[in-house]
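Let me begin by presenting the structure, written as structure tokens, before commenting on it.
This chain uses plain numbering: 1 for the first residue, then up along the sequence. Whatever order the structure lists them in is the order used to number ligands and atoms, beginning at 1.
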Amino acid sequence: MNESFRAIPSVDTVLKSAAGLAAIDAYGRTEATARIRLVLDAERKSAREGRSLRDAEAVGALALSQLEASSVGSLRPVFNLTGTVLHTNLGRALLADAAVEAAAEAMRSAVALEFELETGKRGERDDHLRSLICDLTGAEDATVVNNNAAAVLLTLNTLAGHGGGAIVSRGELIEIGGAFRMPDIMARAGAKLMEVGTTNRTHEKDYKAALSQEGVALVLKVHTSNYRVEGFTKEVEAQTLAKLSAAAGVPLVNDLGSGTLVDLTRWGLRPEPTVGEAVREEADIVTFSGDKLLGGPQAGFIVGRKDLISAINRNPMKRALRVDKIRLAALEATLKLYRDPDRLAERLPTLRLLARKRDEIAAMANALKPHAVRAAGGLFQVEVVDCASQIGSGALPLDTLASVGLSFRPVDGSGSAIDRLATALRGLPVPVVGRIADGALILDLRCLEDTAAFAANLDRLSDGLA
Ligand SMILES: *Cc1c(COP(=O)(O)O)cnc(C)c1O
């Protein structure tokens with residue numbers, strides 16, 4: 001046993017080995033030394049158990065490979081083949097090249113963030129987006145915060161934060177995934193929830209009755225993004241609500257959710273209420289997300305009446321919820337793309353992916369099938385199948401888009417084979433995320449653009465399945 005222990009190299013010897021030097025070069029002396037110590041600890045354990053031991057070079061090589069494995073970032077790029085274009089858990093909208101470049105530029109240099117270049121005086125962060133977003137929506141004024149949840153929180157807190165009543169239909173008391181539940185946000189904003197109507201039907205008279213009570217601060221309309229109430233239903237239109245609120249002297253706030261800036265029917269999609277429409281319906285404030293249908297980075301827009309936006313900007317919470325120069329740069333570049341609607345679908349990835357035609361996706365699926373068959377190694381029957389993509393992030397929840405995917409059905413029909421395949425796909429150099437449906441794993445190709453990279457990646461699969 002003493003013999004074995006004596007054979008274990010010292011930390012210094014390993015650091016001087018070729019692999020040790022390579023580890024120092026790549027990760028620095030501190031990291032390399034710490035990792036080599038860990039490997040040597042394991043070596044001493046092996047020695048006690050009488051197992052054969054590594055020399056200095058082998059210890060260094062093992063430490064180096066462990067350092068390489070642990071240096072892979074955890075926020076890794078993946079192939080989103082779930083069929084959900086705006087997948088919240090996979091980071092929602094992909095940014096346009098122009099937005100990526102603008103963000104990178106802003107990251108590398110000082111920028112005129114709150115600085116007027118003409119006068120040399122202090123400027124406003126919101127100036128960079130105000131005129132763009134007002135032109136695109138017809139709103140009088142605008143500001144931007146961390147996300148739409150923040151936009152709603154800040155708006156409610158500013159307009160009804162001291163226990164003011166906020167009237168909402170029971171049919172619109174939404175929960176968006178995660179922790180965004182309207183009644184909870186309202187409580188945290190300091191507003192008093194005044195529910196009106198029932199789950200399926202809310203009438204004008206319900207709002208009128210509530211508006212005649214004491215202490216009403218605002219009327220809130222919420223776009224029921226991720227569900228739809230169908231059948232025996234009734235909701236009051238925004239235009240009517242605007243009239244009722246104006247008569248009562250309180251503002252109407254419309255939380256639109258997805259910020260659609262253009263009419264999507266032009267690209268064959270179903271209509272979704274646009275911000276411009278909500279403004280024209282005379283909502284005093286409209287809030288929406290930057291990274292849903294708008295196709296930009298995470299952000300929350302608040303647009304509407306100048307006096308209300310000014311009040312919102314004076315709220316100390318605004319400072320806690322504001323966005324940084326990187327996101328402002330990406331947002332500005334994204335919004336600019338909307339000035340040229342003819343080329344929008346080419347330049348804005350979200351729209352490009354949503355507008356993709358079934359036949360184009362089918363051609364890709366057929367071209368990739370041989371790679372998929374090879375990767376499946378006889379364990380799965382691979383087929384090109386029709387499937388249905390979703391927009392995601394709560395937009396048009398019941399509408400699907402005709403798409404095409406690669407289906408992997410286990411030859412032995414076992415569910416565990418599918419789980420093993422899903423795990424192997426996630427373990428690829430660029431992890432692949434699909435979805436499981438009807439006893440098969442489906443890779444919906446709607447969001448695949450770099451087919452060559454995907455094919456090369458898939459060719460590595462057989463190692464993972466073995
Ligand atoms: C998505 C959504 C939100 C939350 O927006 P985030 O940008 O995710 O914070 C709020 N309200 C509605 C109606 C939504 O659809």
*Answer yes or no: is there a donor N or O on one side and an acceptor on the other, between the side chain of S258 and the main chain of T260, under 3.5 Å?*
no
*Give a yes or no on this: more than 12 heavy atoms of other residues, nucleotides or ligands lie within 6.0 Å of atom CG of D342.*
yes
*asked:* Within this structure, what is the CZ-CD1 distance for the pair F301 and I133, rounded to the nearest 0.5 Å?
replied: 4.5 Å
*Run down the list D255, N147, D291 and name the one with the heavy atom closest to atom 12 (C) of ligand 1.*
D255
*4.0 Å heavy-atom contact, R92 with ligand 1*: yes
*Specify side chain, backbone, both or neither for Q298, according to which of its non-hydrogen atoms lie closer than 4.0 Å to ligand 1.*
neither
*asked:* Suppose I only count heavy atoms of F180 and a 4.0 Å limit; which atoms of ligand 1 are within that range?
replied: 10 (C), 11 (N)
*Could you list which atoms of ligand 1 come closer than 4.0 Å to a heavy atom of G257?*
12 (C), 13 (C), 14 (C), 15 (O)
*asked:* If we set the cut-off at 4.0 Å for heavy atoms, which region of I174 has an atom near ligand 1: side chain, backbone, both, or neither?
replied: side chain
*What do you reckon, does L256 have a nitrogen or oxygen under 3.5 Å from a nitrogen or oxygen of ligand 1?*
no
_Sub-4.5 Å side-chain heavy-atom contact between D340 and R347_ = yes
*asked:* Taking 4.0 angstrom as the limit and counting only heavy atoms of H223, give me the atoms of ligand 1 inside it, by number and element.
replied: 13 (C)
*Check whether any side-chain N or O of R327 sits under 3.5 Å from a backbone N or O of N146 as a donor-acceptor pair, and report yes or no.*
yes
*Do any nitrogen or oxygen atoms of S289 lie less than 3.5 angstrom from nitrogen or oxygen atoms of ligand 1?*
yes
*asked:* If I apply the N/O under 3.5 Å rule, does K292 come out as touching ligand 1?
replied: yes
*Answer yes or no: is there a donor N or O on one side and an acceptor on the other, between the side chain of E346 and the main chain of R352, under 3.5 Å?*
no
*Do N157 and R188 get their side chains close enough for a donor-acceptor pair, meaning under 3.5 Å?*
no
